[in-house]
Structures are given as structure tokens and as C-alpha cells.
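Just so you know, these numbers come straight off a predicted model, no measurement behind them. Just so it is clear: chains get the letters A, B, ... in the order the sequence lines come, proteins before strands, and each one is counted from 1. Keep in mind that the numbers below use all heavy atoms, side chains included, and drop hydrogens, waters and symmetry copies.
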Number of protein chains: 2
Amino acid sequence: MSTKPKTAPDRALHLEQFLPYRLNVVGFFASRGLGRVYGTRFGIGIPEWRVIAQLGEFGQLTSRDIGELSQMHKTKVSRAVSELDKRGLVTRAENRADRREAFVALSAAGQRLYAQIVPLALAFEERWIEGISADELRVFERVLAVLTERGRHLAGAYQTEEA
Amino acid sequence: MSTKPKTAPDRALHLEQFLPYRLNVVGFFASRGLGRVYGTRFGIGIPEWRVIAQLGEFGQLTSRDIGELSQMHKTKVSRAVSELDKRGLVTRAENRADRREAFVALSAAGQRLYAQIVPLALAFEERWIEGISADELRVFERVLAVLTERGRHLAGAYQTEEA
DNA sequence: TGACATTAGTTGCACATGTAACTAATTGAG
DNA sequence: CTCAATTAGTTACATGTGCAACTAATGTCA
């Protein structure tokens with residue numbers, strides 16, 4: 001009984017072809033590989049990198065915004081921002097209209113770091129997708145977007161980050 | 001010197017379109033979502049699940065094999081196997097031809113658990129890719145395979161798991 | 001045979017991270 | 001205005017994880 005059973009197909013599971021597994025593995029390689037790029041060179045981790053990337057892109061954000069934009073738990077954001085603050089890479093300015101929150105922004109040193117990291121990150125991405133045709137890549141990214149959006153709901157995210 | 005700019009194009013970076021970031025996010029959703037499925041129901045974690053999945057598929061493996069097949073660090077495998085052993089879900093039998101290693105296999109209880117989890121895992125995958133055309137999915141998986149293989153090298157994997 | 005290198009697997013340690021509980025500030029209903 | 005509910009952000013705690021160091025067994029080369 002292999003090809004066409006009657007009621008309970010009970011398809012076999014092959015982990016190396018199982019999509020959630022494969023996505024998790026490639027995601028792991030992504031963060032580890034990229035983490036190596038700026039970890040060894042600048043001594044920062046993935047959460048710190050994400051904070052810097054968002055601030056470099058948007059200029060000024062609250063921690064809450066950062067967490068939402070970069071899909072990080074608020075405690076992770078809190079710790080990353082504290083660390084960057086300690087190193088003088090970001091500044092924090094209390095919002096006087098709502099003193100619960102603070103605007104975080106890159107300091108001058110942070111901006112310099114950002115300018116250094118961006119080309120490295122883009123080069124890493126380039127090297128990674130090198131040789132894949134533009135058509136295939138388009139399809140890939142479109143499917144990836146669907147999977148990400150659906151995955152967000154299947155995963156249930158954290159508490160705060162429900163969209 | 002590629003298409004147009006003279007020396008430093010300095011493309012902007014948009015994190016939400018940055019592939020390593022996107023892959024990491026979707027991979028996170030994958031493991032969290034699936035982890036929810038068997039975590040809440042059977043009280044096991046991702047590493048334990050992977051061990052069970054490999055044993056269910058291959059029958060009998062050494063910890064080393066498990067680590068290689070499922071891309072896990074040997075300490076993670078060690079701890080997962082110990083945990084499963086403690087719960088009576090796997091058995092360990094010393095290889096008498098090489099007493100450094102031991103063959104790990106699912107116990108009867110482990111096989112029952114495996115039989116329960118597999119349909120849930122496949123259903124999770126189904127729900128996730130539902131509505132995506134077979135053509136697109138084929139392209140997606142092919143690109144994913146390329147990215148995974150290249151990512152493995154870019155990431156440098158762990159010590160032991162270099163292929 | 002003997003000494004050194006290698007390998008399977010475990011464990012000590014430091015560190016990262018999610019949850020829950022907390023503080024302080026703001027909002028909203030009455 | 002007041003008090004309960006909500007929100008931004010931090011922290012204590014427990015857990016998970018990678019690295020390095022370790023043990024025990026095997027392989028290798030002379």
C-alpha cells in the first residue's frame with residue numbers, strides 16, 4: 001500500500017523536504033551568516049543590528065515602533081537599545097507629549113557605523129542570490145511574502161505584536 | 001562597474017525587503033507555529049521534534065547522524081536525546097562495534113507519538129502553502145534549495161557540521 | 001606495540017531570550 | 001475629577017543554547 005490508499009493517506013513525512021523545517025534552517029543560516037559579518041567586525045549582535053537598520057532607515061522611532069517594524073519582542077528591543085545607548089551609538093529623547101515613550105535615534109557614531117554596515121549587508125545579500133534569475137527571484141519573493149504573512153498568523157507572534 | 005554608477009552606488013537598505021531578514025523572520029514563524037502544534041499538545045520542543053522526525057523516518061541513527069541530518073549542534077542533539085530517553089520515547093543501544101557511539105531509536109511509545117504528530121505536521125504545512133500554485137511552489141522550493149546550500153557556506157555552520 | 005591524533009558524546013559556563021510581573025504615564029468612563 | 005484600564009518600557013527569573021573543555025573509545029602511523 002503505497003501509491004493510493006483508500007481513506008487515510010497518511011503521507012510520509014520527510015524532514016528535509018518539510019517546508020517549515022527548511023525555512024527554519026535557511027533562516028538560521030541567514031542570521032548566522034550575516035551576524036558573522038558585523039559581529040566579528042563591529043561586535044554587535046542581530047538585535048542591535050536590526051535596531052540600527054530601522055533607525056538608519058526611518059531616522060527616529062520609539063522602541064515600540066522598532067519592535068513592530070523589525071519583529072522583535074519588546075524585551076529584546078529594550079535590551080538592544082540599552083546596549084547601543086551604552087556604546088554611544090544611539091540617543092534617547094523622552095517624548096514630552098507622552099512621557100512613557102522615548103524617541104530613539106542614531107548618534108553621529110551610530111550613523112557612521114550604519115554607513116559602514118549597509119554596504120557589507122548588501123554585498124552579503126548579493127553574494128547570496130548571485131546567479132539566480134530575476135524571474136525566479138521575483139516568484140520566490142512573492143511566495144515568501146505570502147508565507148510570511150500567513151506564518152505570522154499561524155505562529156501567533158508574541159503578545160504585543162499581533163497585527 | 002556594473003550598469004550605471006561610477007564608483008560608490010551605495011544603494012539604500014530597506015530591512016523589510018532585505019532577504020536575510022525576511023528569511024529569518026519566516027523561519028522564526030515556522031518554528032514557532034509548528035512548535036505550538038506539538039509543544040502545547042505533547043510538551044516537546046523543536047529539537048526533540050527533529051530527533052523524533054529523523055528517527056521516525058530512518059529508524060535507527062547515531063546522535064551524530066541526527067545532528068547532521070537535522071542541522072543541529074551536537075550538544076543540542078545530546079540534550080534532546082537525553083530528554084526523550086528520560087521520557088521513554090527513545091531507546092539507546094551502544095554500538096558494540098564502536099563503543100563511542102550509540103544507536104538511538106524510537107521506543108513503542110515514541111512511535112505512537114510520531115504517528116500522532118506526523119499528520120498534524122503535514123496539516124500545518126498544507127494550511128501554510130494553501131492557495132499557492134504548484135508552479136510557483138516549485139520555483140520557490142528550487143530557489144530555496146539554492147539559498148540553503150549557499151547559506152550553509154556563507155554561515156560557516158558549526159564546527160562538526162561542515163559538509 | 002605504543003604514542004598521538006581523531007571522533008562520539010557529555011557537561012560547565014556564559015550568554016541570549018521569552019514570560020510574567022512590575023513601574024510610570026496616559027486614556028477613558030462615569 | 002476620579003478611578004479603573006491601557007500602554008511604553010524595564011527587570012527578575014527560568015530556560016535554551018553555543019562554545020570550549022572534557023571523557024572514553026577508535027584510528028593511524030611508525
Side-chain angles (χ1 to χ4, degrees), chain A residues 24-25 27-29 31-33 35-36 39-40 43-51 60-86 90 92-104 155-162, chain B residues 24-25 27-29 31-33 35-36 39-40 43-51 60-86 90 92-104 155-162:
Chain A
N24 196 54
V25 168
F28 173 75
F29 288 157
S31 74
R32 187 175 174 95
R36 206 160 265 212
T40 63
I44 62 171
I46 285 98
E48 288 77 19
W49 149 252
R50 285 194 186 174
V51 170
Q60 191 185 56
L61 296 166
T62 65
S63 288
R64 189 189 153 285
D65 295 333
I66 295 170
E68 203 167 311
L69 286 167
S70 57
Q71 296 294 323
M72 291 196 294
H73 192 269
K74 61 179 179 174
T75 62
K76 209 187 257 185
V77 176
S78 174
R79 285 159 179 148
V81 170
S82 290
E83 175 68 20
L84 293 171
D85 189 15
K86 201 192 309 176
V90 302
R92 289 199 252 202
E94 180 184 72
N95 177 7
R96 293 213 287 161
D98 183 346
R99 285 164 43 236
R100 286 173 302 185
E101 63 186 19
F103 295 120
V104 184
Y158 306 104
Q159 294 108 316
T160 68
E161 295 170 11
E162 197 44 359
Chain B
N24 196 54
V25 168
F28 173 75
F29 288 158
S31 74
R32 188 176 173 93
R36 207 160 265 212
T40 62
I44 62 170
I46 285 97
E48 288 77 21
W49 149 250
R50 286 193 185 174
V51 170
Q60 191 185 55
L61 295 167
T62 65
S63 288
R64 189 188 151 284
D65 295 332
I66 296 171
E68 203 167 311
L69 286 167
S70 58
Q71 295 294 325
M72 290 196 294
H73 192 270
K74 60 179 180 174
T75 61
K76 209 188 255 184
V77 176
S78 174
R79 284 158 179 148
V81 170
S82 291
E83 176 67 22
L84 293 171
D85 189 15
K86 201 192 310 175
V90 302
R92 288 200 254 203
E94 181 184 72
N95 177 7
R96 293 212 288 161
D98 183 345
R99 284 162 46 236
R100 286 172 302 185
E101 63 186 20
F103 293 122
V104 184
Y158 305 106
Q159 293 109 314
T160 68
E161 296 171 12
E162 198 43 0

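- Note that CH2 of B:Trp49 is 7.5 Å distant from CD1 of B:Ile44, once rounded to the nearest 0.5 Å.
- Ranking D:dG9, C:dG18, C:dT7 by closeness to the A:His73 side chain, first place goes to C:dG18.
- Straight-line distance from the CD atom of B:Glu101 to the P atom of D:dA25: 13 Å, rounded to whole Å.
- An OP1 or OP2 oxygen of D:dT10 is reached within less than 4.0 angstrom by no side-chain nitrogen or oxygen of A:Arg64.
- Rounding to whole angstrom units, CZ of residue A:Arg50 and C1' of C:dT17 are separated by 13 Å.
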Show the distances under 3.5 angstrom between N or O atoms of the protein and N or O atoms of nucleotides 25-27 of chain C.
residue: C:dA25; atom: OP1; partner: A:Arg99; partner atom: NH2; Å: 3.2
residue: C:dT26; atom: OP1; partner: A:Arg99; partner atom: N; Å: 3.1

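- Of all heavy-atom pairs spanning A:Gly35 and A:Ile46, the tightest one is CA-CD1, 4.4 Å.
- Put simply, the side chain of B:Glu48 gets close to the backbone of B:Gly45: a donor and an acceptor are under 3.5 Å apart.
- Proximity of A:Leu61 to A:Val104: side-chain heavy atoms (C-beta onward) are nowhere separated by under 4.5 Å.
- Side-chain atoms of A:Lys76 lie closest to C:dG18 of the nucleotides C:dG9, C:dG18, D:dC19.
- B:Phe28 has its CZ atom 14 Å from the C1' atom of D:dG16, to the nearest Å.
- Rounded to the nearest 0.5 angstrom, B:Met72 CE and B:Arg79 CZ are separated by 12.0 Å.
- With rounding to whole Å, A:Glu94 atom CD is found 15 Å from D:dT7 atom C1'.
- Using a distance-only test at 3.5 Å, with no hydrogens or angles considered, no donor-acceptor pair links the side chain of A:Ser78 to the main chain of A:Lys74.
- When every heavy atom of A:Ala80 is checked against every heavy atom of A:Val51, the shortest pair comes out as CB-CG2, 3.9 Å.
- Atom C1' of nucleotide C:dC15 and atom CD1 of A:Ile44 are separated by 17 Å, given to the nearest angstrom.
- Within residues 78-85 of chain B, the residues approached by DNA chain C to less than 4.0 Å at the level of any non-hydrogen atom are B:Ser78, B:Arg79, in residue-number order.
- Between A:Ile46 atom CD1 and C:dC15 atom P the separation is 16 Å, expressed in whole Å.
- Taking atom CE of residue A:Met72 and atom P of nucleotide D:dT10, one finds them 13 Å apart after rounding to whole Å.
- Rounded to the nearest 0.5 Å, atoms CZ (A:Phe29) and CG (A:Asn24) are 10.5 Å apart.
- Among residues two or more places apart in sequence or in another chain, the side-chain hydrogen bond (donor to acceptor under 3.5 Å, both in side chains) test is passed with B:Arg99 by none.
- D:dT11 atom P lies 13 Å from atom NZ of A:Lys74, rounded to whole Å.
- If you check every strand for non-hydrogen atoms under 4.0 Å, B:Thr75 touches a base.
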